[in-house]
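In what follows, a single structure is set out as structure tokens and then discussed.
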Amino acid sequence: MSVQEYLDKHMLSRKIEDAVNAAVRAKTPDPVLFISNHMRKVVPSVITKIKGRQILDSRGIPTVEVDLFTNKGSFRASVPSGHVTGMYEAVELRDGDKGMYLGNSVTRAVKNINEKISEALIGMDPTLQSQIDQAMIDLDKTEKKIPLYKHISDLSGKTNLTLPVPAFTVISGGKHAGNNLAIQEIMILPIGASRFEEALQMGSETYHHLKAVIKEKYGEQGCNVGEDGGFSPNLSRQDSYNLLVQEGLNLVKEAISRTGYGEKIKMAIDVAATTFCIGFGFVYGDCLLSTTDPVFLLRANVGTKYDLDYRFENKSGQNFKSGDDMIKMYEELCAAYPIVSIEDPFDKEDWEHVKRLSDLGLCQVVGDDLLMSNHKRIERAIHESSCTALLLKVNQIGTVTEALEVVKLAKDAHWGVVVSHRSGETEDSFIADLSVGLAMGQIKTGAPCRGERLAKYNQLLRIEEELGDQAVYAGEDWRAT
Ligand code: PEP
Ligand code: MG
């Protein structure tokens, strides 16, 4: 390379001229020093060396310090630590060797800095913060941070991370909507999907076909949605049957047939029957009496009626049903529709009938209002074989640890467990990770519609993507995982 080519390649004439001009403009008393500092500034920064070491924090507990060298200078930083290390935080990598600083030494973290992180960052411009952070995040995935579902799986001692079958609410009634349907939810379960991603697609497509079916029959107004995103049309009775729930199930059946997925999609209902249960005193959804009240227990077992027309002002009484009538109705519904799960088929104190329905083995019988995720009620239900699945509402229990305890109770009894949202939700997606970490096989978190419901479904998509080849969708094993 000639001298001229060299000068041109590095644009030296231009840079020196700029430095001289800057010194002249500044009228500096020491132009050589000025030009030398000016030249240092225009040289791009580059990380030349990284040196990590173990130091002690203010409590005398090991932590990490790093010296970072660039062509322009050196910089030092160290890491604080606290007592409360929440599950959403990046994990502190401590050696765990009780013989060294009682398990708190950080030599593995230091080794990672001096080897893997150094290797990734040397040569980078230290001012490119996001690129540097990304390079460390890329390493971090395998080295430090633990995804929430993995943390839950570690806590529960489970090893088989599993994507749950979603129970999408597609029609809402009862307390979740203002229409005339007494039962609270009609759900669809894409059990025949091969991946969660496919299940979500099947759910969404069915939901949109259902919208069209409802619009054709009930107009735009019928497409208003309830609290959990299910459509809530005011249903009309047809000649061939006299139950509104049949009309609702028929709409969903038609929507499924339009998707072409056929048997791959099953149905479920949450009857939430406490809402329309009438005791002797004609109190709807009697919430006032305690479980141990002998008078109420007598009512529940002997005099309880279920009013499937509870939203109608002028009712004939023809749809007042006894517990036995309700069992007959469930038998007929299970024979006519692909129903694989019924939640709260009776009042929350009607232990007798829920057991009788479970004994028939028609489908999964889920206890929600019946159990209230309460340890004692779950123990009773297991003891009396009252139902075959638990609806797990973590906020009813209060803590993750207690949730894990009741899940263990349910699983030891060979029950299914449905991880559940609430009708009043937020964008928090914790229950998505919970369902994967506990490998429960089932999640119920509303329609594939509304942001707070999709926050959970979208998180499941991300988890499936992150697990890649390791991802397992519960599918046909939705109850057995
Ligand atoms: C349910 O009954 O299953 C449910 C999610 O409702 P809520 O949150 O209103 O108890
Ligand atoms: Mg329920």
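Atom set for the values below is all heavy atoms of this structure, side chains included, hydrogens, waters and symmetry mates excluded. Every value quoted in this text rests on a predicted model; they were computed, and no experiment measured them. Just follow the structure's listing: the first ligand is 1, and inside any ligand the first atom is 1.
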Any luck finding a side-chain donor-acceptor pair between [X] and [Y] under 3.5 Å?
| X | Y | answer |
| --- | --- | --- |
| Glu205 | Thr259 | no |
| Tyr473 | Glu198 | no |
| Glu197 | Gln201 | no |

> If you round to the nearest 0.5 Å, how far is CZ of Phe168 from CG of Leu189?
Replying inline: 9.0 Å
>> Can you confirm whether more than 12 heavy atoms, excluding those of Gln221, are under 6.0 Å from its CD atom?
In response: no
With the Mg ion (ligand 2) as the point of reference, which N/O/S atom of [X] is the closest?
| X | value |
| --- | --- |
| Glu343 | OE2 |
| Asp368 | OD2 |
| Asp270 | OD2 |

> Which residue supplies the protein heavy atom nearest to atom 5 (C) of ligand 1, what is that atom called, and how far is it?
Replying inline: His421 O, 3.5 Å
Check for a donor-acceptor pair, side chain of [X] on one end and backbone N or O of [Y] on the other, with a separation under 3.5 Å.
| X | Y | result |
| --- | --- | --- |
| Arg94 | Asn104 | yes |
| Tyr306 | Asp347 | yes |
| Asn112 | Ala109 | no |
| Tyr330 | Pro345 | yes |

Of all the atoms in ligand 1, which lie at a distance below 4.0 Å from a heavy atom belonging to [X]?
| X | value |
| --- | --- |
| Leu391 | 3 (O) |
| Ser423 | 7 (P), 8 (O), 9 (O) |
| Asp368 | 1 (C), 2 (O), 3 (O) |
| Asp270 | 1 (C), 2 (O), 3 (O) |

> Heavy atom under 4.0 Å from ligand 1: found in His176's side chain, backbone, both, or neither?
Replying inline: side chain
> Given that the side chain starts at C-beta and the backbone is N, CA, C, O, which of these parts of Lys444 lies under 4.0 Å from ligand 1, counting heavy atoms, or is it both or neither?
Replying inline: side chain
>> When you measure from the heavy atoms of Lys393 to every atom of ligand 1, does any distance fall below 4.0 Å?
In response: yes
>> For Glu343, state whether at least one heavy atom is located under 4.0 Å from any atom of ligand 1.
In response: yes
> Can an N or O of Asp369 be found at a distance shorter than 3.5 Å from an N or O of ligand 1?
Replying inline: no
